[in-house]
Chemist: 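Below you'll find the structure I mean.
Positions are given from 1, in the same order as the sequence printed here. Both ligands and their constituent atoms are indexed starting at 1 by order of listing.
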Amino acid sequence: MKTMLGMAAAMTLSAGVAIAAEKWDMPMAYSDSNFHTQNGKAFASCVRTGTGGDLDITVHGGGSLFKGGEIKRAVQTGQVQIGERLLSAHQNEEPIFGIDSIPFLASSFDASESLFAATRETLEETLEEQNLKLLYSVPWPPQGFYFKKEVNNVADMEGIKFRSYNSATARLAELTGMVPVQIEAAEISQAFATGVAESMISSGATGYDRKVWESLTHFYEVDGWLPRNAVMVNMDAWDDLDEEDQNVVMGCAELAAYSGLWRSKQYTDFTMKGLAENGMSVGPASDGLVGELKEIGETMTTEWLNAAGESGEAVVKAYREATK
Ligand code: PCA
């Protein structure tokens, strides 16, 4: 009898736990093999384990649930509870979102981390006003140019159809005489194959993930900047979690920031080799080209500072102080 009661109690308990389990969907825009997606899956698993199954996050990679361009709004409006997005693609909403894509402001992993540290508070406040809680952010590897011909200076770029992924890359295209067309990473293989685009600036990672050697021939290392993905939660979904679960999520987020950075560094070397092994010419851009791009970077820094006003200026100043 006692045993029966015990069993009944245990069953009620496990039923109770099952009912309490919270399920979140987490759209991510990049391919399943990409390190951001792998890192997001490890984050979800950390949360599942840490909360004893209380919070169960399902990652949907490759833009399968929402495309990159739709993810931020989907999280804001509560269509999904959590998601990852390249924040610089929303610079038109708030200039601070684009601070990581200013050419040559922060062009190494260390600099990217310092810039993010200087930006974090302002970013969190800005996102909070949009009903979003920032969990963690991971940099893409340094950005370089892809072409289907040799390019040694800006004049060689005239008229090329250039795939952009945010307003900074579109502006860069304009300033180099190219013609920008905005295309999601998930769709670039087709865009290059059909000639809708002939060039882009991105990481070795994205070129490798999308097998761009099928259409393009050259990768020039520029180390222009390291744009970042941010994982964000809908603020109402966040507030609905109890404090213990919130603590687990924050712990897992910290781990994900750390492991994501490490994965990004490791993927850089791996994908550079991968591009070369698949027949692309891979190497540094010429000094002349880098010099011209740095001048364009100056112009874009000034433009960004003008748009971002005092708070943006304060962030850049704090970053420069911290890294001088
Ligand atoms: N890959 C993403 C953003 C930056 C990067 O390296 C893309 O090309 O869309």
Chemist: Applying a strict 4.0 Å limit to heavy atoms, is E184 in contact with ligand 1?
Modeler: no

Chemist: Check for a donor-acceptor pair, side chain of S203 on one end and backbone N or O of T206 on the other, with a separation under 3.5 Å.
Modeler: yes

Chemist: Could you walk me through whether W140 and Y30 satisfy the ring-ring contact (aromatic ring centres under 6.0 Å, His included) test, starting with their C-alpha distance in whole Å, then the side-chain angles of each, then the deciding distance to 0.1 Å, before giving a yes or no?
Modeler: CA-CA 12 Å; W140 284 93; Y30 303 95; 4.7 Å; yes

Chemist: Does M200 come within less than 4.0 angstrom of ligand 1, counting non-hydrogen atoms of the residue?
Modeler: no

Chemist: Looking only at protein heavy atoms, identify the closest one to atom 9 (O) of ligand 1 and say how far it is in Å.
Modeler: R163 NH2, 2.8 Å

Chemist: Looking only at the aromatic ring of each residue, does the gap between the centers of Y146 and Y220 stay below 6.0 angstrom?
Modeler: no

Chemist: Compute the ring centroids of F147 and F219, then answer whether they are less than 6.0 Å apart.
Modeler: no

Chemist: Would P227 count as a contact of ligand 1 if the rule is a heavy atom under 4.0 Å away?
Modeler: yes

Chemist: With heavy atoms of T206 as the reference, note each atom of ligand 1 found under 4.0 Å away.
Modeler: 1 (N), 2 (C), 5 (C), 6 (O), 7 (C), 8 (O)

Chemist: When only distance counts, is S202 in polar contact with ligand 1, meaning an N/O pair under 3.5 Å?
Modeler: yes

Chemist: Please determine whether side chain to side chain donor-acceptor pair (under 3.5 Å) holds for the pair T51 and D245, giving the CA-CA distance in whole Å, both sets of side-chain angles, and the decisive distance to 0.1 Å.
Modeler: CA-CA 6 Å; T51 62; D245 285 354; 4.8 Å; no

Chemist: For ligand 1, indicate whether the residue E187 contacts it via side chain, backbone, both or neither (heavy-atom separation under 4.0 Å).
Modeler: neither

Chemist: Where the side chain of S259 meets the backbone of L255, is there a donor-acceptor pair that is under 3.5 Å apart?
Modeler: yes

Chemist: Would you mind checking which non-hydrogen protein atom is closest to atom 6 (O) of ligand 1, with the distance to 0.1 Å?
Modeler: S203 OG, 2.6 Å

Chemist: Got an N/O contact under 3.5 Å between Y165 and ligand 1?
Modeler: no

Chemist: So that I can tick it off, tell me whether R48 and D54 are bridged by a salt bridge, with the cut-off set at under 4.0 angstrom between side-chain N and carboxylate O.
Modeler: no

